[in-house]
Enquirer: 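The following block contains the structure, expressed as structure tokens.
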Amino acid sequence: MKASLTLRASMVSALILVVFLGAWQLATLPTGGGAVYADPEYAAMMGGAATQASSMPTPGVVGSTILSQLSNPFYDNGPNDKGIGIQLAYSLSRVLAGFLLAAIVAVPLGFVIGMSPLMYKALNPYIQIMKPISPLAWMPLALYTIKDASLSSIFVIFICSIWPMMINTAHGVASVKKDWLNVARTLEVSAFRTAMQVILPAAAPTILTGMRISMGIAWLVIVAAEMLVGGTGIGYFVWNEWNNLNLSNVIFAIFMIGAVGMLLDMVFGVLAKLVSYQE
Amino acid sequence: MNQPFLKVEGLKKVFPSPGGAPDVTVFENIHFGFEKGEFVCIIGHSGCGKSTILNVLAGLDEATAGNVFMDGREVKGPSLDRGVVFQSHALMPWLTVMENVAFAVSSRWKDWNKEQVRTHCMKYIELVGLGHAADKKPHQLSGGMKQRVGIARAFAIEPKMLLMDEPFGALDALTRGVIQDELVKICDATHQTVFMITHDVDEAILLADKIVLMSNGPLAKIAEIVENPLPHPRVRQEIHHDPQFYAVRNHLVDFLVSRSKLIAQGELSSDYDPLHPPVIRPVVEALKLAA
Ligand SMILES: Nc1ncnc2c1ncn2[C@@H]1O[C@H](COP(=O)(O)OP(=O)(O)OP(=O)(O)O)[C@@H](O)[C@H]1O
Ligand SMILES: [Mg+2]
């Protein structure tokens with residue numbers, strides 16, 4: 001009997017998880033005989049924690065952290081102690097704001113670039129030089145001009161999301177089949193209706209791929225940006241827990257960043273499916 | 001003087017060659033015309049410029065020189081008066097069959113409501129025998145069905161003239177036959193004026209009232225215009241029993257096999273006048289003698 005591919009794959013996945021957790025458990029076992037290897041100064045700094053267990057939390061500790069954090073995600077005990085739900089909401093709202101602003105600029109501009117070889121040639125050098133700039137390099141400039149940490153993060157998201165969307169939109173628009181445009185021409189369809197009813201649906205899958213790439217980058221960048229400017233957000237949460245030497249919370253946050261990133265990507269996967277077409 | 005419905009005058013097309021090579025004149029001094037309700041086929045070897053002429057008639061391409069008039073008005077760009085059936089069907093894959101036709105119909109009659117558009121579209125979708133597939137997407141259809149949707153879309157806007165560039169070129173012989181029969185039926189019923197490119201001599205004899213013969217390019221010419229002596233209604237299964245069928249067929253095949261090349265090499269009768277290409281009505285020798 002041969003189990004289905006999905007079943008066998010999930011069995012292998014489960015096995016990998018078990019091996020990983022086991023290795024983790026072994027690596028973080030408290031060292032035997034009470035002879036804890038610890039620098040006395042470091043032990044003092046850890047407030048006794050290091051004398052009871054190795055500094056790296058065990059899977060069990062992280063597991064209980066995940067449970068307790070997820071059971072109360074929206075508590076708010078002042079600026080340095082907020083629930084994970086609140087922190088993620090801050091990060092997501094910044095990502096969405098920056099991303100939407102970028103889409104509003106990138107999609108129409110991409111349309112123009114895709115439709116006009118002149119604009120393509122004229123704007124290409126700027127795009128080529130702006131594209132490889134690490135979005136975080138903009139941060140000082142943003143902080144200086146905008147003078148607001150949160151808005152600066154949004155700007156950084158904006159600037160990193162704009163390029164994949166613009167380039168993909170331009171590419172999608174430029175490669176719309178000539179035949180479809182000729183159909184619209186012979187039917188005397190207005191330029192606006194052609195753009196909305198022919199070019200947009202034809203280029204939508206490519207545009208959505210660009211959006212998906214942008215969203216992926218934005219989610220990577222927001223963590224770093226929030227670590228840099230502080231205040232709120234999942235990136236700040238990671239940095240703050242590191243300063244608290246609460247590694248179990250740091251691992252929990254890493255896990256959440258991955259989970260939310262995956263969900264965002266899945267949303268765009270669904271959207272891509274909605275606009276895709278088969279020739 | 002009485003002007004024909006469609007009139008092509010002194011058409012010329014030059015394509016610039018890249019890299020300083022001399023420009024290519026695909027054709028020049030092209031004159032012909034035809035009447036409303038006529039079905040005209042144009043035949044010629046690959047590369048002689050048939051598609052270019054059709055695109056100029058459609059208004060999708062511009063001639064280097066010369067003019068095209070339809071119904072007394074100069075053709076200056078694409079227009080709803082001229083429907084086009086594209087060789088590659090050119091259906092929009094994200095729309096259903098109904099929506100593809102409706103896109104055209106709502107462009108033609110902008111003030112129609114949804115129900116009017118739907119009813120009108122359905123009439124033409126049923127005309128090409130696709131009533132059952134109206135809500136399917138193009139990728140769910142066979143090549144022949146897609147081409148039929150393209151034909152329905154072009155007919156649905158009720159253009160003054162229909163232009164078709166090898167509409168059945170990509171189809172197998174059986175499917176092609178079925179669609180040809182449908183086209184004959186529709187054209188007999190609607191008296192649609194059609195200008196069509198084909199490589200298929202039998203197809204031309206079945207469908208066309210006039211067959212325009214083009215010599216090989218570059219500098220292609222309208223060698224002659226053949227009038228189809230076969231009477232309407234023409235039925236695919238029967239026309240080859242008509243003795244005239246072979247007279248026309250031999251004439252056309254003879255042209256394609258040898259004369260189109262000879263003419264390109266300069267062998268033209270001394271009284272050839274590009275303004276009035278010779279009009280020929282091939283008849284069987286026996287009939288000719290009897291007359
Ligand atoms: N955009 C273009 N640039 C340069 N040359 C072109 C262009 N389009 C067509 N040609 C040339 O013009 C000539 C006529 O082309 P056209 O497509 O009209 O031929 P055709 O008679 O339709 O051929 P076929 O039967 O193969 O479709 C060809 O020799 C082709 O190489
Ligand atoms: Mg052609």
Side-chain angles (χ1 to χ4, degrees), chain A residues 103 107 110-111 114-118 120-121 165 168-212 267-279, chain B residues 51 54-62 75-96 99-110 136-141 143 146-147 149-154 156-165 167:
Chain A
V107 174
F111 246 79
M115 298 195 38
S116 146
L118 174 87
Y120 175 83
K121 265 199 146 65
M165 278 196 264
N168 269 51
T169 305
H171 179 242
V173 168
S175 42
V176 171
K177 269 206 195 152
K178 198 120 203 274
D179 270 353
W180 298 334
L181 297 176
N182 278 342
V183 168
R185 283 178 66 201
T186 57
L187 294 171
E188 298 184 53
V189 176
S190 69
F192 180 74
R193 191 167 162 231
T194 303
M196 299 311 288
Q197 295 193 6
V198 181
I199 300 175
L200 192 60
T206 323
I207 297 176
L208 234 102
T209 306
M211 292 186 163
R212 199 171 177 178
V267 168
F268 278 88
V270 171
L271 290 178
K273 217 168 189 169
L274 284 180
V275 299
S276 76
Y277 53 83
Q278 200 178 332
E279 283 201 45
Chain B
S51 296
L54 185 130
N55 286 336
V56 171
L57 297 194
L60 291 169
D61 197 357
E62 259 177 59
V75 170
K76 283 207 181 102
S79 151
L80 281 159
D81 287 340
R82 291 178 296 281
V84 182
V85 177
F86 295 84
Q87 178 166 15
S88 57
H89 63 77
L91 299 180
M92 298 184 203
W94 56 90
L95 301 179
T96 63
E99 289 164 342
N100 264 291
V101 181
F103 180 76
V105 169
S106 58
S107 311
R108 176 80 166 84
W109 294 281
K110 294 188 179 70
K136 290 212 165 101
K137 293 267 173 78
H139 72 91
Q140 298 168 294
L141 307 179
K146 282 185 234 185
Q147 203 52 276
V149 180
I151 292 171
R153 176 174 64 186
I157 61 167
E158 295 175 355
K160 288 185 183 165
M161 177 168 69
L162 201 62
L163 300 163
M164 303 202 264
D165 191 344

Enquirer: Taking only residues two or more places apart in sequence or in another chain, which ones pass side-chain contact (heavy atoms from CB on, under 4.5 Å) with B/Glu99?
Expert: B/Leu95, B/Thr96
Enquirer: Considering heavy atoms only, which positions within residues 197-209 of chain A lie below 4.5 Å of chain B?
Expert: A/Gln197, A/Val198, A/Pro201, A/Ala202
Enquirer: Side chain, backbone, both or neither: which part of A/Val183 has an atom under 4.5 Å from a heavy atom of chain B?
Expert: both
Enquirer: What is the minimum heavy-atom distance between B/Ser107 and A/Leu187, and which atoms define it?
Expert: CB-O, 3.6 Å
Enquirer: Just grab all the salt bridge (charged side-chain N to carboxylate O under 4.0 Å, His left out) pairs involving residues 179-203 of chain A, residues at least two apart or on different chains.
Expert: none
Enquirer: For the OH atom of A/Tyr277 and the CE atom of B/Met92, what is their distance to the nearest 0.5 Å?
Expert: 11.0 Å
Enquirer: Tell me, please, which residues at least two apart from B/Asp81 pass side chain to side chain donor-acceptor pair (under 3.5 Å).
Expert: none
Enquirer: Answer yes or no: are there more than 12 heavy-atom neighbours, outside A/Glu279 itself, under 6.0 Å from its atom CD?
Expert: yes
Enquirer: When the ring planes of A/Trp180 and B/Trp94 are compared, do they come out parallel, tilted or perpendicular, using 30° and 60° as the limits?
Expert: perpendicular
Enquirer: Looking at B/Leu163, B/Ile157, B/Leu91, B/Leu60, which has the largest count of heavy-atom pairs under 4.5 Å with chain A?
Expert: B/Leu60
